[in-house]
Amino acid sequence: MKPKLVLHICCAPDEAYAVDLLKDSYELHCFFCNPNIFPKKEYELRLNEAKKCATIYGVPFTCDDYIPELWTKAVSGLTHTQEGGTRCRACFLLRLCRTAEVCAGLGWPAFGTVMSVSPHKNVLALDETGNLSAVKYGVSYVPFNLKKKDGFRKSIELSHKLGLYRQNYCGCELSYWECKCRDRW
Ligand code: SF4
């Protein structure tokens with residue numbers, strides 16, 4: 001019997017690569033929890049694509065309620081910091097804590113996240129916040145460095161093959177405007 005793992009999902013392209021890689025080693029349950037995503041229309045688009053991906057792979061999928069105020073509160077006082085810094089750490093902690101809580105509620109022993117596919121995500125910060133969340137809810141955090149072995153490029157290829165939407169900014173309103181500024185200059 002395969003070990004059970006709740007997999008936190010941030011978007012369909014990262015989900016596709018991670019599920020493709022892990023499905024033979026784990027019994028997976030995908031959990032979409034992203035109060036950071038702005039605006040709501042984008043949230044709904046990413047959620048629907050993530051559901052589509054789970055259906056393609058035949059993996060159970062649930063999503064959390066969309067409460068963007070939770071993200072606003074979590075990054076309060078950190079909005080001046082750059083992507084990749086302390087505001088992202090707070091954002092990881094928010095989403096992984098909730099994933100750990102859901103994992104404990106399901107009675108499953110462990111959880112992980114697909115966020116490490118992105119080259120912009122700090123794996124040390126992900127693992128630190130994942131472990132803190134696990135301790136809080138009495139479950140285990142399984143670290144995956146999915147950007148290794150060319151994971152990001154492979155996730156792009158796989159998402160194209162499966163016809164999945166691929167976003168061009170991380171998710172929050174700050175990253176949305178940071179992306180717009182980068183495009184302009
Ligand atoms: S850039 Fe991404 S990880 Fe960082 S706070 Fe925004 S949504 Fe969260």
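Source: prediction; values computed, not measured. When a ligand or atom number is given, it counts from 1 through the structure's own listing order. Along the sequence shown, residues are numbered consecutively beginning with 1.
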Study note, to complete from the structure: Note: ligand 1 atoms sitting under 4.0 Å from heavy atoms of Arg95 are 3 (S), 8 (Fe)
Practice item. For atom NZ of Lys2, decide whether the heavy atoms of other residues, nucleotides or ligands shown that lie under 6.0 angstrom number more than 12. Key: yes
**Study point:** Interfacing atoms of ligand 1 (cut-off 4.0 Å, heavy-atom, Phe92)
**Key:** 3 (S)
Practice item. For Asn168, enumerate each residue passing the side-chain hydrogen bond (donor to acceptor under 3.5 Å, both in side chains) test, keeping only those at least two apart in sequence or located in another chain. Key: none
Check your understanding: With distance as the sole test, does Lys154 use its side chain to make a donor-acceptor pair with the main-chain N or O of Lys149 at under 3.5 Å?
Key -> yes
Name each donor-acceptor pair under 3.5 Å that joins a side chain in residues 95-109 to protein atoms two or more places apart or in another chain, with its distance.
{"from": "Arg95", "atom 1": "NH1", "to": "Asn34", "atom 2": "OD1", "distance (Å)": "2.9"}
{"from": "Arg98", "atom 1": "NE", "to": "Asp64", "atom 2": "OD1", "distance (Å)": "3.2"}
{"from": "Arg98", "atom 1": "NE", "to": "Asp64", "atom 2": "OD2", "distance (Å)": "2.7"}
{"from": "Arg98", "atom 1": "NH1", "to": "Glu101", "atom 2": "OE1", "distance (Å)": "3.3"}
{"from": "Arg98", "atom 1": "NH2", "to": "Asp64", "atom 2": "OD1", "distance (Å)": "3.0"}
{"from": "Thr99", "atom 1": "OG1", "to": "Arg95", "atom 2": "O", "distance (Å)": "2.7"}

Revision key, fill the gap. So the protein N/O/S atoms within less than 2.8 Å of atom 6 (Fe) of ligand 1 come down to Cys172 SG
Going by atom type alone, with no hydrogens or angles, which donor-acceptor pairs under 3.5 Å involve a side-chain atom of residues 36-52 and a protein atom two or more places apart or on another chain?
{"from": "Glu42", "atom 1": "OE1", "to": "Tyr165", "atom 2": "OH", "distance (Å)": "3.2"}
{"from": "Glu42", "atom 1": "OE2", "to": "Arg46", "atom 2": "NE", "distance (Å)": "2.7"}
{"from": "Glu42", "atom 1": "OE2", "to": "Arg46", "atom 2": "NH2", "distance (Å)": "3.1"}
{"from": "Glu42", "atom 1": "OE2", "to": "Tyr165", "atom 2": "OH", "distance (Å)": "2.8"}
{"from": "Arg46", "atom 1": "NH1", "to": "Cys170", "atom 2": "O", "distance (Å)": "2.7"}
{"from": "Arg46", "atom 1": "NH2", "to": "Tyr169", "atom 2": "O", "distance (Å)": "3.1"}
{"from": "Asn48", "atom 1": "ND2", "to": "Glu44", "atom 2": "O", "distance (Å)": "3.2"}
{"from": "Glu49", "atom 1": "OE1", "to": "Lys52", "atom 2": "NZ", "distance (Å)": "3.4"}
{"from": "Glu49", "atom 1": "OE1", "to": "Tyr165", "atom 2": "N", "distance (Å)": "2.8"}
{"from": "Glu49", "atom 1": "OE2", "to": "Lys52", "atom 2": "NZ", "distance (Å)": "3.4"}
{"from": "Lys52", "atom 1": "NZ", "to": "Gly163", "atom 2": "O", "distance (Å)": "3.3"}

Check your understanding: Thinking salt bridges, do Glu157 and Arg153 make one under a 4.0 Å N-O criterion?
Key -> yes
Practice item. Using the rule that two of Ile, Leu, Val, Met, Phe, Trp, Tyr join whenever any of their side-chain heavy atoms come within less than 4.5 Å, decide whether Phe92 and Val135 are in one cluster. Key: no
